[in-house]
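Worksheet: the structure to be examined is printed underneath.
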Amino acid sequence: MIGHTSKVDPASRSTQCDVIVYDENETPKLETGDLRRFFPVETVYGVGEIKSVVEAKRFEETLDKLSKVKRMRVDPPPIVYPTKPTHMVMQFFQLHQAFVDEGFDRRAAARMAYDVFEHSTQNIVTFLVCERIEFNGGDNLSSLMKRIVSASPGGDEQFAMRHNMILSIEDGYQSYFHGHGIPTTYPRVLNEKLGMSAATGVRIVDANDRNDHIIAFLGDIASALGNAMIFPFNVSSYINVEATNIGW
C-alpha cells in the first residue's frame with residue numbers, strides 16, 4: 001500500500017514524506033481531524049521524495065532528510081522480531097539462533113540480531129524521484145554525488161544511513177555497487193572477504209533514449225521493497241502513561 005503524510009516512531013519524532021510504502025494489514029489507521037495520516041515506523045517498507053525540478057542545494061537537503069528517516073529505525077523496536085517478508089523473517093531467526101548457539105540468552109540474541117548498520121534490509125528503503133536536477137556549473141549526477149560523498153562525515157555507520165536510490169528522469173539513476181561492480185541498492189553490504197559489512201561505491205546509470213535508467217530503478221526498487229523487513233506495531237510504546245506500582 002502507498003500513502004503520503006507523516007511517519008512517527010515511539011520517541012515522537014516525525015517527518016513529512018511525499019510517499020510512504022507500508023503494509024496495509026499491519027498498519028493501524030492513525031488520522032487527525034484534518035485528514036493527516038501517521039504511519040508507525042515499524043510497519044513502513046519505504047519512504048520516497050517526489051519532486052519536479054530540484055536545485056543542487058535542495059537536492060542535498062532532501063538526501064539529508066532521507067537519511068534522518070533511516071535513523072528512526074536505529075533504536076530497536078519494542079518487539080524486535082520481524083513479521084514480513086517471510087524469507088527475511090527466516091534469515092533474522094537464523095541469525096538470532098546463531099547468537100543463541102554462542103551462549104547468549106534469547107532476549108540478548110534478538111537485540112544483537114537487530115542491527116540496521118550491519119543488516120540494511122532491517123531498515124527503511126529511501127529514494128528520491130524527480131524530473132531533473134539543476135546542477136551548478138558543469139556538474140552532472142555523477143560529479144555531484146562524488147562531491148556529496150567526499151564532503152560527508154566519514155565512517156561506515158554514517159554511510160549506512162544514506163538513501164538507497166535516486167532517479168532523475170532527465171539525468172540518470174544512482175544506486176551503489178560492491179565487489180567487482182556488482183549492483184546493489186544498499187550503501188553498506190556484507191563484504192565476504194572482511195567478514196563484516198562495509199561501505200559500497202556509487203553507481204550511475206546515465207539517462208538515454210532506451211530508458212535504461214528508469215528500468216534499472218524500477219527493478220531495484222521492487223527488489224529492495226520486497227526484501228525490507230517490517231516489525232509488529234506496539235501501541236503502548238507510543239503512549240506515556242503515569243502509573244504507581246504497589247508491592248504486595
Side-chain angles (χ1 to χ4, degrees), residues 1-7 15-24 37 39 44-73 120-121 123-152 159-178 181-189 199-228:
M1 179 66 70
I2 298 177
H4 64 91
T5 186
S6 298
K7 188 168 67 65
T15 180
Q16 293 286 333
C17 305
D18 290 336
V19 174
I20 297 177
V21 184
Y22 64 98
D23 189 283
E24 186 177 21
R37 188 167 180 186
F39 298 84
V44 171
Y45 291 111
V47 169
E49 290 291 311
I50 311 299
K51 310 295 180 187
S52 53
V53 179
V54 185
E55 296 178 353
K57 181 180 179 181
R58 184 65 184 275
F59 178 82
E60 296 187 41
E61 291 173 351
T62 301
L63 297 189
D64 183 61
K65 178 180 178 180
L66 293 176
S67 177
K68 290 177 180 177
V69 167
K70 281 185 176 286
R71 291 191 176 280
M72 295 175 74
R73 273 272 186 93
S120 297
T121 54
N123 212 333
I124 295 168
V125 177
T126 60
F127 56 94
L128 165 64
V129 176
C130 63
E131 179 183 354
R132 64 183 175 87
I133 303 167
E134 284 192 347
F135 299 105
N136 294 325
D139 262 341
N140 54 31
L141 183 58
S142 178
S143 61
L144 179 58
M145 285 305 304
K146 287 179 181 178
R147 189 169 69 253
I148 290 174
V149 169
S150 62
S152 300
F159 213 87
M161 295 297 104
R162 290 189 180 280
H163 61 280
N164 293 86
M165 292 159 275
I166 297 170
L167 173 65
S168 171
I169 303 300
E170 294 188 12
D171 303 299
Y173 168 59
Q174 181 261 314
S175 58
Y176 303 92
F177 75 89
H178 67 101
I182 302 171
T184 180
T185 57
Y186 305 113
R188 194 165 188 250
V189 298
T200 55
V202 173
R203 173 177 178 251
I204 303 292
V205 179
D206 290 327
N208 59 37
D209 293 337
R210 298 189 307 272
N211 293 322
D212 290 338
H213 58 308
I214 299 176
I215 294 170
F217 168 76
L218 293 175
D220 282 351
I221 195 168
S223 176
L225 291 173
N227 288 321

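The structure presented is a predicted model; accordingly, all values stated were derived computationally and were not measured. FYI, side chains are in, hydrogens and waters are out, and symmetry mates aren't considered; it's all heavy atoms of this structure.
Here the CZ-CG distance, from Phe39 to Asp23, works out to 11.5 Å after rounding to the nearest 0.5 Å. Atom CD1 of Ile169 and atom NE2 of His213 lie 5.5 Å apart (nearest 0.5 Å). Distance OG/Ser175 to CD1/Ile221: 11.5 Å, rounded to 0.5 Å. Annotation: the span from Asn123 atom CG to Arg73 atom CZ amounts to 6.0 Å, rounded to 0.5 Å. Here the CE atom belonging to Met145 is positioned 9.5 Å from the CD atom belonging to Glu60, to the nearest 0.5 angstrom. Interatomic distance, Thr185 OG1 to Asn227 CG, rounded to the nearest 0.5 Å: 8.0 Å.
Contact between Tyr186 and Ser120 at its shortest, heavy atoms only, is CD2-CB, 3.5 Å. Gln174 approaches Val202 most closely through the heavy-atom pair CG-CG1, 3.7 Å. Considering all non-hydrogen atoms of both residues, Asn164 and Pro187 come closest at ND2-CD, 4.2 Å.
A 4.5 Å side-chain heavy-atom check between Ile148 and Phe59 finds at least one atom pair inside the cut-off. Residues Ile124 and Thr126 are in side-chain contact: their nearest non-hydrogen atoms beyond the backbone lie under 4.5 Å apart. Looking at heavy atoms from C-beta onward, Ile215 lies out of side-chain contact with Arg210 at the 4.5 angstrom threshold.
With hydrogens and angles ignored, the 3.5 Å screen pairs no side-chain donor or acceptor of Asp171 with any backbone N or O of Leu141. Counting only distance, with no hydrogens or angles, the side chain of Ser67 and the backbone of Met161 share a donor-acceptor pair below 3.5 Å. Thr200 contributes no side-chain N or O that, together with a main-chain N or O of Val189, makes up a donor-acceptor pair within less than 3.5 Å. Counting only distance, with no hydrogens or angles, the side chain of Asp18 and the backbone of Ile50 share a donor-acceptor pair below 3.5 Å.
For Asp139, the side chain to side chain contact (heavy atoms under 4.5 Å, CB included) partners at least two apart in sequence or on another chain are Phe135, Ser143, Leu144, Arg147. Arg132 pairs by the salt bridge (Lys or Arg N to Asp or Glu O under 4.0 Å) definition with Glu134, not counting sequence neighbours.
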One pair to check against side-chain contact (heavy atoms from CB on, under 4.5 Å): Met165 and Val125. What are the steps and the verdict? CA-CA 8 Å; Met165 292 159 275; Val125 177; 3.6 Å; yes

Glu49 and His163: side-chain contact (heavy atoms from CB on, under 4.5 Å), yes or no, with the steps? CA-CA 11 Å; Glu49 290 291 311; His163 61 280; over 6 Å; no

Stepwise side-chain contact (heavy atoms from CB on, under 4.5 Å) check, Tyr173 with Ile166: CA-CA 6 Å; Tyr173 168 59; Ile166 297 170; 5.8 Å; no

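Open room surrounds CD on Glu55; 12 or fewer heavy atoms of other groups in view lie less than 6.0 Å from it.
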